[in-house]
> 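What follows is a structure written as structure tokens; I'll ask about it next.
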Amino acid sequence: MKQTLLNERYPLFVLRLDRNETRFNSINEICDYFRGCIEAHRCAHFISIFDHYAHTCALPDGQMASEIRAAKNVLFCFGLALPSPEILGLRPRSIGIAELDDQFVISFMETPMPVANAAMEDWALELRQNDDEPQQA
């Protein structure tokens, strides 16, 4: 998993998975996986899955990178505390999943809460198939 700055200001975690590196075959399977992780977490709350691809393609001036075949966001919240009204501007959270011909790209913005970052990073890394598991063709 790579940590980077997008547009020199947005701290992102990004994981690129070749299709043969994961047991999942589609973006919908990955969305279901993340939903399960969120629902099993003691402090996370699942909100929705947003089909970003359909939304953008439906716009009169919508533009989509040619390599993207599908794009969805899994929306949820880690609601451990609300220390100030301004913190609402950082919530809810989103994990983006893009499906390309040969890989999946998982991304999420860094949060100010280390426990949330650790959980999201663990969930994403679990998408990578273990060496002991049989590889799917």
Side-chain angles (χ1 to χ4, degrees):
M1 178 156 262
K2 181 180 176 185
Q3 192 170 7
T4 186
L5 284 178
L6 180 66
N7 296 335
E8 299 177 10
R9 64 194 293 174
Y10 302 108
L12 281 184
F13 287 87
V14 179
L15 176 65
R16 290 180 167 269
L17 288 170
D18 289 340
R19 287 186 177 273
N20 65 355
E21 292 183 280
T22 184
R23 65 189 181 274
F24 298 101
N25 295 309
S26 72
I27 194 169
N28 290 330
E29 289 178 13
I30 293 174
C31 287
D32 289 343
Y33 161 78
F34 279 122
R35 181 177 183 164
C37 292
I38 293 161
E39 290 176 343
H41 193 277
R42 67 179 186 83
C43 300
H45 178 78
F46 174 78
I47 299 170
S48 184
I49 295 173
F50 173 65
D51 189 334
H52 208 309
Y53 187 92
H55 166 73
T56 302
C57 289
L59 295 172
D61 296 326
Q63 297 178 9
M64 184 67 58
S66 62
E67 70 268 21
I68 298 174
R69 301 290 168 247
K72 294 188 177 187
N73 291 86
V74 178
L75 305 169
F76 61 101
C77 190
F78 280 102
L80 294 173
L82 201 54
S84 71
E86 294 81 9
I87 204 78
L88 289 169
L90 301 175
R91 297 194 182 147
R93 306 304 321 161
S94 171
I95 296 176
I97 304 109
E99 184 172 351
L100 313 181
D101 283 338
D102 59 345
Q103 66 182 211
F104 297 101
V105 180
I106 313 302
S107 59
F108 59 88
M109 192 184 291
E110 182 178 18
T111 75
M113 189 170 37
V115 68
N117 290 322
M120 291 186 293
E121 189 170 6
D122 287 347
W123 297 342
L125 291 172
E126 284 293 319
L127 291 169
R128 194 177 305 277
Q129 191 164 6
N130 294 333
D131 290 336
D132 347 325
E133 295 177 13
Q135 298 269 328
Q136 292 192 2

> Does the side chain of Leu17 reach to within under 4.5 Å of the side chain of Gln103, using non-hydrogen atoms?
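Side chain of Leu17 against side chain of Gln103, heavy atoms only: no contact under 4.5 Å found.
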
> Using 0.5 Å steps for rounding, measure from the CZ atom of Arg42 to the CZ atom of Phe78.
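So the gap between those two atoms works out to 10.0 Å.
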
> Which atoms form the tightest heavy-atom contact between Arg128 and Arg16, and what is the distance?
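Closest heavy-atom pair between Arg128 and Arg16: NH2-O, 4.3 Å.
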
> How long is the straight-line distance from CG of Asp102 back to CZ of Arg19, given to the nearest 0.5 Å?
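Output value for this atom pair is 8.0 Å.
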
> For the hydrophobic clusters of this structure (ILVMFWY residues joined by side-chain heavy atoms under 4.5 Å, transitively), does one cluster hold both Val115 and Leu90?
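No, it is not one cluster - the side chains of Val115 and Leu90 are not joined through contacts under 4.5 Å.
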
> Between Asp61 and Gln63, is there a side-chain heavy-atom distance shorter than 4.5 Å?
no

> Check Glu99 with Arg69, please: is the shortest side-chain N to carboxylate O separation under 4.0 Å?
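No, no charged N to carboxylate O under 4.0 Å.
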
> For the residue pair Tyr33 and Phe24, is the inter-centroid distance of their aromatic rings smaller than 6.0 Å?
yes

> Are the side chains of Asn117 and Glu121 in contact, using a 4.5 Å heavy-atom criterion?
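Counting from C-beta outward, Glu121 and Asn117 never come under 4.5 Å.
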
> Look at the side-chain heavy atoms of Ile, Leu, Val, Met, Phe, Trp and Tyr, link any pair under 4.5 Å apart, and say whether Met113 and Val74 land in one connected group.
yes

> Quick one, Met120 and Phe13 - any side-chain contact, counting heavy atoms below 4.5 Å?
no

> Ile106 and Ala124: which non-hydrogen atoms are nearest, and at how many Å?
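It is CG2-CB, 4.2 Å.
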
> Would you name the heavy atoms of Cys31 and Ile49 that are closest together and state the gap between them?
CB-CD1, 3.7 Å

> For the atom pair CZ (Arg91) and OG1 (Thr111), what is the distance rounded to the nearest 0.5 Å?
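Rounded to the nearest 0.5 Å, the CZ-OG1 separation comes to 9.0 Å.
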
> Mind checking whether Val105 and Val14 have side chains closer than 4.5 Å, heavy atoms only?
yes

> Check the orientation of His41 and Trp123. Use parallel for under 30°, tilted for 30 to 60°, and perpendicular for over 60°.
perpendicular

> If you measure from CG on Asp32 to CD on Glu39, what distance do you get to the nearest 0.5 Å?
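It comes to 9.5 Å.
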
> Where is the tightest heavy-atom contact between Ile47 and Cys77, given as atom of each residue plus distance?
CD1-N, 4.2 Å

> Rounded at 0.5 Å granularity, tell me how far CD1 in Ile97 sits from CG in Asn73.
7.0 Å

> Could you pull out the closest heavy-atom pair between Ser94 and Phe108, with the gap in Å?
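Closest approach of Ser94 to Phe108: O-CB, 3.5 Å.
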
> Treating Ile, Leu, Val, Met, Phe, Trp and Tyr as nodes and any side-chain heavy-atom pair under 4.5 angstrom as an edge, say whether Leu127 and Phe46 lie in one connected cluster.
yes

> Report whether Met109 and Ile87 are members of the same hydrophobic cluster (ILVMFWY, side-chain heavy atoms less than 4.5 Å apart, transitive linking).
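No: no chain of side-chain contacts under 4.5 Å links Met109 to Ile87.
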
> Any side-chain heavy atom of Tyr53 sitting closer than 4.5 Å to one from Lys72?
no

> Going only through I, L, V, M, F, W and Y residues with side-chain contacts under 4.5 Å, is there a path from Ile30 to Phe50?
no

> Is any side-chain heavy atom of Phe104 less than 4.5 Å from a side-chain heavy atom of Thr22?
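Contact flag for Phe104/Thr22 side chains = yes.
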
> If we only count heavy atoms from C-beta on, is the Ile68 to Leu100 side-chain gap below 4.5 Å?
yes

